[in-house]
Amino acid sequence: MSRVVVVGSGAREHALAWGLAKSAEVVVTPGNDGMAAHGLTCTPRPATELEADLFVIGPELPLVDGLADQLRAQGKLVLGPNADGARLEGSKAFMKDFLADADVPTADYEVFSDEAAAHRFLAESMTPPYVIKTDGLAAGKGVLVTNSLAEARLDVSAKVSGDAFASAGSTIVIEEGLDGEECSLIVLCDGRSLFALSAAQDFKRVGDGGTGPNTGGMGAYAPMPIDPDLVDGIMETMLRPTLKELQRREIDYRGVLYAGVMLTSAGPQLLEYNVRFGDPETEVLVPLYGDQLFALLQASARGTLGEVAVSASGAAVTVVMAAHGYPDTPRRGDRIAGLGDDGQLAHAIDGVVVFHAGSARVDGHFVTNGGRVLAVTAHADDLATARSKAYEAVGRISFDGCVVRSDIALDAVKGIA
Ligand code: AMP
Ligand code: GLY
C-alpha cells in the first residue's frame with residue numbers, strides 16, 4: 001500500500017487524511033487529537049524527516065516558506081507548489097500583477113506602501129464599497145470591505161503603519177468593490193494540465209445571512225448549483241491563462257490553484273488565488289471523490305493529471321462549530337459533549353463525519369482549543385439530505401458558547417426544491 005504524509009493540523013488536513021486513508025497508509029504531521037482519535041497516525045516529526053510515496057501540504061505558510069522545495073530537493077513526490085508558485089497567495093500585489101500579465105478578469109487595483117498616497121487614492125479615485133487588502137498572509141483576516149470612507153481610512157493607516165498586521169500589512173492593495181455570489185473553484189494543476197473539482201461555496205461571515213465579521217469560513221457545501229458553462233468560462237478565462245503565465249515564467253506548478261471567484265452581473269471576476277485547498281471547502285469536496293482522492297493527488301504531483309478519470313458523486317455540507325468569542329478571542333477549554341470517545345455519537349448518522357480543527361483531548365474527553373473547533377460534515381445523494389444530516393449531527397454535539405450558523409447551504413437547497 002502507498003504511504004502518504006499530510007502536513008497540517010486543521011479540519012482540512014483531517015478531511016484530506018480521512019479521504020486518502022481509503023486507499024493509502026497515512027501519517028499526519030503534526031495532526032491533532034481528533035485525527036488520532038479517528039485512528040489516523042499523527043507524528044510531531046517534521047515532514048523532511050519522514051519517508052512516503054506522496055507528501056500533501058495543507059496550509060499556505062509552509063508552502064510560502066518553501067517546504068515543497070525542500071522536499072523536492074530530497075527527491076520526494078509533493079502536492080503543493082514551490083515557493084515561486086506560492087507567491088500567488090503569499091503576496092496579493094504579486095498576484096494582482098500576475099493576473100494583469102495573464103489578462104485574467106479581476107477588480108481594478110493599486111498597490112501602496114505610502115499612507116498619504118493611499119489616502120489620496122481612496123478619496124479621489126475610489127467609490128464605495130472600499131476594499132483594502134494586506135499584501136502578505138493574514139490568516140483570512142486581512143481584507144476589509146466597507147462603505148464607510150472613514151473606516152477605510154482608519155484601516156489603511158492601521159495596516160500601512162504595521163499596527164494591524166505587522167509587515168504583512170505594510171504594503172496594501174486597494175481595489176474596486178465587486179458585487180455578486182461567490183464561488184470557490186478548486187483546481188488541481190500538474191504543471192501541464194488542470195482538473196477542476198466540483199464548485200463549492202464557502203460562508204465567510206460569522207453570522208446568519210452573511211452578517212458580522214469575516215472568518216476563516218463557517219461552513220460550505222458542494223456541488224454549488226452553477227451553470228456548467230460558467231465553470232467552463234472560468235477555466236477558459238482564468239485558469240488556462242494562469243497556467244500559461246506560470247509556464248511563461250518557468251514556474252512548474254504542481255498543486256492546488258483555488259480560485260475565489262465573484263460571479264458579477266458582468267461575468268466572473270477573480271477575487272484571489274490560494275495555493276492550497278480551501279478550508280472548509282475541502283471538508284465537502286473530499287467525500288464527493290471517495291477512494292479516488294489518492295489517485296487524483298498523486299497524478300497531480302507526478303504530472304499525469306491528463307490520464308486520470310475520476311468523478312464526483314452526491315453532495316456534501318459542512319457546518320463549522322466555533323468556540324465562544326470566535327473570531328476575535330476564541331475561548332479554550334470548554335468541554336465538548338456529543339462526540340463520545342471516538343466521535344461515535346454524531347458519527348452514528350449515516351454519511352456523517354466530524355473533522356477536528358481547534359479541539360484537544362484532555363483526560364479522555366475533547367475540549368475547545370482554537371477558533372474553528374469542528375467541521376461537522378455529511379455526504380448524501382442530494383444536497384437537502386446532506387444538509388439535514390449535517391445539522392442533525394450538529395444538534396448532537398454541544399459546548400458552552402458554541403458559535404454556529406444555521407443557514408449553511410440553505411439558499412441552495414431552497415433553490416433546488
Ligand atoms: P480574499 O481574501 O481576497 O478572497 O477576500 C476575502 C473576502 O473579501 C472575499 O471572499 C470577499 O467576500 C471579499 N472581497 C474580496 N475582494 C473583494 C472585492 N474586490 N469586492 C468585494 N468583496 C471582496
Ligand atoms: N475558505 C477560505 C479559505 O480557505 O481561504
Side-chain angles (χ1 to χ4, degrees), residues 8 10-13 15-16 58-61 63-64 86 88-96 99 104-110 126-147 152 155 159 165 168-169 172-187 197 199-206 210-222 224 238 256-266 268-286 318 320 322 327 355 357 371-372 375 405 408:
R12 165 183 54 207
E13 289 77 23
L16 288 167
E60 59 276 19
L61 199 55
L63 291 167
V64 170
L88 278 177
E89 181 165 358
S91 165
K92 288 214 191 269
F94 173 85
M95 174 192 58
K96 295 292 286 192
L99 296 181
V104 169
T106 188
D108 288 340
Y109 71 103
E110 291 275 343
M126 298 309 271
T127 52
Y130 305 99
V131 181
I132 296 146
K133 304 185 172 187
T134 59
D135 175 54
L137 296 179
K141 297 180 182 123
V143 177
L144 177 78
V145 181
T146 180
N147 284 318
D155 190 65
K159 281 175 176 157
F165 294 94
I172 55 170
V173 173
I174 298 180
E175 68 180 35
E176 171 201 6
L178 299 173
D179 193 27
E181 189 96 6
E182 280 182 56
C183 165
S184 300
L185 193 65
I186 292 178
V187 179
L197 302 182
Q201 196 162 36
D202 171 24
F203 293 71
K204 287 208 168 74
R205 303 266 180 175
V206 73
T211 54
N214 262 323
T215 70
M218 295 301 293
Y221 72 89
M224 183 180 175
M238 297 180 182
V256 174
L257 273 170
Y258 157 178
V261 179
M262 186 78 94
L263 305 173
T264 76
S265 53
Q269 297 273 325
L270 189 75
L271 291 176
E272 63 164 350
Y273 273 128
N274 294 312
V275 299
R276 35 110 193 139
F277 281 102
D279 191 354
E281 289 93 328
T282 305
E283 290 90 306
V284 289
L285 290 171
V286 165
T318 191
V320 169
F355 297 121
R372 291 188 291 174
R405 276 184 70 159
I408 306 300

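Side chains are part of it too, since the values below use all heavy atoms of this structure and drop only hydrogens, waters and symmetry mates. Whatever order the structure lists ligands and atoms in, that order sets their numbers, starting from 1. Remember, predicted model here, so these are calculated numbers, not experimental data.
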J.: How about Lys204 and Met218: do any of their side-chain heavy atoms sit closer than 4.5 Å?
T.: no
J.: Taking all heavy atoms of Asp202 and all of Glu281, pick out the closest pair and write down the distance.
T.: CB-OE2, 3.4 Å
J.: Let me see the working for Thr264 and Gln269 under side chain to side chain donor-acceptor pair (under 3.5 Å), right down to the final yes or no.
T.: CA-CA 7 Å; Thr264 76; Gln269 297 273 325; 4.9 Å; no
J.: Ignoring hydrogens, what is the shortest heavy-atom contact between Val173 and Lys96? Give both atom names and the distance.
T.: CG1-CG, 4.3 Å
J.: Of the protein's non-hydrogen atoms, which lies at the shortest distance from atom 8 (O) of ligand 1, and what is that distance?
T.: Val143 CG1, 3.5 Å
J.: Which of the numbered atoms in ligand 1 are below 4.0 angstrom from a heavy atom of Val145?
T.: 13 (C), 14 (N), 22 (N), 23 (C)
J.: What is the nearest protein non-hydrogen atom to atom 17 (C) of ligand 1, stated with its residue, atom name and distance?
T.: Leu271 CD2, 3.5 Å
J.: Students should be able to answer this: which protein heavy-atom is nearest to atom 16 (N) of ligand 1, and at what distance?
T.: Lys133 NZ, 3.0 Å
J.: Test your reading of the model: is there a side-chain donor-acceptor pair from Thr215 to the backbone of Val206, 3.5 Å cut-off?
T.: no
J.: For atom 12 (O) of ligand 1, tell me which residue out of Lys204, Arg205, Glu175, Glu182 has the closest non-hydrogen atom.
T.: Glu182
J.: Among all protein heavy atoms, pick the one closest to atom 5 (O) of ligand 2 and tell me residue, atom and distance.
T.: Arg276 NH2, 2.9 Å
J.: Can you confirm, on distance only, whether ligand 2 has an N/O atom lying under 3.5 Å from any N/O atom belonging to Lys204?
T.: no
J.: Tell me whether ligand 1 is touched by Lys92 - counting only heavy atoms on the residue side and a distance under 4.0 Å.
T.: yes
J.: Might you point out which heavy atoms bring Ile172 and Lys159 nearest each other, and give the distance in Å?
T.: CG2-CB, 3.8 Å
J.: Counting N and O atoms only, with roles assigned by atom type, does the side chain of Arg205 sit under 3.5 Å from a partner on the main chain of Gly212, one being a donor and the other an acceptor?
T.: yes
J.: Please work out, at 4.0 Å between heavy atoms, whether the side chain, the backbone, both, or neither of Leu178 comes within that distance of ligand 1.
T.: both
J.: Asp202 heavy atoms, cut-off 4.0 Å: which ligand 2 atoms fall inside?
T.: 1 (N), 2 (C)
J.: Hey, does the side chain of Asp135 reach the backbone of Lys92 with a donor-acceptor pair shorter than 3.5 angstrom?
T.: yes
J.: Counting from 1, what ligand 2 atoms have a heavy atom of Gly278 closer than 4.0 Å?
T.: 4 (O)
J.: Do Val286 and Leu16 have side chains that get closer than 4.5 Å, going by heavy atoms?
T.: yes
J.: Go through ligand 2 atom by atom and flag the ones less than 4.0 Å from a non-hydrogen atom of Asn274.
T.: 5 (O)
J.: Would you say Gly177 contacts ligand 1, with heavy atoms under 4.0 Å as the rule?
T.: yes
J.: What's the shortest distance from atom 2 (O) of ligand 1 to any protein heavy atom, and which residue and atom give it?
T.: Glu272 OE1, 3.1 Å
